[in-house]
Q: 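Quick one: the structure is below, and I'll ask about it shortly.
This one's a predicted model, so the numbers in the text were calculated from it and none came from an experiment. When a ligand or atom number is given, it counts from 1 through the structure's own listing order.
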Amino acid sequence: MTSRVYVNHDIVVRFAPSPNGLLHLGHAYAALYAYDFARERGGKFLLRIEDIDVGRCKTEYADAILDDLRWLGIDWDGQVVFQSKRLDSYAQAAEQLKQEGLLYPCFCTRSSMRTIRQNNKLEEGPDGPVYPGICRGLNKDIAKERASREPHCWRLDIKKSLGLTGKLTWHDGLRGEQVADPAALGDVVIIPKDNPVSYHLAVTLDDARDGITHVVRGEDLFSSTHIHRLLQALLLLPTPEYVHHSVLVDETGAKLSKSRDSDSLAQLRADGEDGLQAAGRLRKNIFPVGIGLSKA
Ligand code: GLU
């Protein structure tokens, strides 16, 4: 266990899991990394449940997260934050971006995107194929009329946004100064078709609202930070320091996934494993056979 040597509430760190499945050792590693980062510096550690994906998030998963963290010996400051209770603030920010003409409705469906992908070579971004901007140039009146009757999401016009903000940078504690390159991800979705808000907008707003000074999270989210930095500039939010640590991967190098319940922390708890000992092993980078750290 790390002991708190001094109190420095200028440092505020969070763990922000999504309750769309049971947590596994990869989440435990990430939670401990963020927790130790905060506590070793005498900082605050907050817990935010990112439950905006209405179709996939479940209360039972959120309950299991709290039990998992307690089992690992992790405590948090203040009340647990639930993003589902903050939908108004997300809608307000999205409206602001719309008013500024930075969002456009996109009517592309999964199947139309599949066809486009088959027929055109799409640019490959860090998170997969980049949306080629099909709906970006739609006539405003036509788009408005279609939006009144067709399902659609809202995308961020990255080029236009960057035209307003100019060059943006951010700092990663492990990788140094970064120039934000949101264009590499393309016009990301800000308001999904079937959810109130995207991860990108909600997390950016909440990190500011919760006074997070250090966003400590897995390197799988490194590319998202380019978008978050842009949103901060557009919404006049502060930019925290970032630390993107290695993540746990399997034999094939793939990030551990939530799909196998058998590998969950809940199962380890049910099997009577000692959580503090499990945390101790993770802190020393001792992992079960077949699991290792990604190479940053
Ligand atoms: N909710 C995100 C996830 O579970 C993580 C958010 C973050 O750390 O920025 O993958």
Q: Within a distance under 4.0 Å of any heavy atom of Val203, pick out the atoms of ligand 1 and give their elements.
A: 9 (O)
Q: In this structure, which one of Asp210, Asp207, Asp206 forms a salt bridge (Lys or Arg N to Asp or Glu O under 4.0 Å) with Arg14?
A: Asp207
Q: Does Asp68 pair with Arg269 as a salt bridge, N-O distance under 4.0 Å?
A: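 Salt bridge between Asp68 and Arg269, a charged N being under 4.0 Å from a carboxylate O: yes.
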Q: Specify side chain, backbone, both or neither for Leu221, according to which of its non-hydrogen atoms lie closer than 4.0 Å to ligand 1.
A: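 It is the side chain that gets close, since no backbone atom is under 4.0 Å.
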Q: Is the closest basic N to carboxylate O distance between Glu100 and Lys98 below 4.0 Å?
A: no
Q: Indicate the ring-plane relationship of Tyr242 and His244, choosing parallel, tilted or perpendicular according to the 30° and 60° boundaries.
A: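 Correct class here is parallel.
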Q: For atom 6 (C) of ligand 1, what is the closest protein heavy atom, and at what distance to 0.1 Å?
A: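 Of every protein heavy atom, Glu50 OE1, 3.2 Å lies nearest to atom 6 (C) of ligand 1.
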Q: Starting from atom 5 (C) of ligand 1, what is the nearest protein heavy atom, named by residue and atom, and what distance separates them?
A: Ala16 O, 3.3 Å
Q: Which protein non-hydrogen atom lies closest to atom 3 (C) of ligand 1, naming both residue and atom, and how far is it?
A: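 Of the protein heavy atoms, Ser18 OG, 3.6 Å lies nearest.
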Q: Tell me: protein heavy atom nearest atom 8 (O) of ligand 1, and distance?
A: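 Of the protein heavy atoms, Arg14 NH1, 2.7 Å lies nearest.
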Q: Is it true that Asp141 and Lys144 make a salt bridge, defined as a side-chain N closer than 4.0 Å to a carboxylate O?
A: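 Salt bridge between Asp141 and Lys144, a charged N being under 4.0 Å from a carboxylate O: no.
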Q: Distance under 4.0 Å to a non-hydrogen atom of Arg217: what atoms of ligand 1 satisfy this?
A: 7 (C), 8 (O), 9 (O)
Q: Taking NZ, NE, NH1 and NH2 as the nitrogens, is one of them in Asp220 or Lys255 under 4.0 Å from a carboxylate oxygen of the other?
A: yes
Q: Is Phe15 touching ligand 1 with its side chain, its backbone, both, or neither, if touching means heavy atoms under 4.0 Å apart?
A: neither
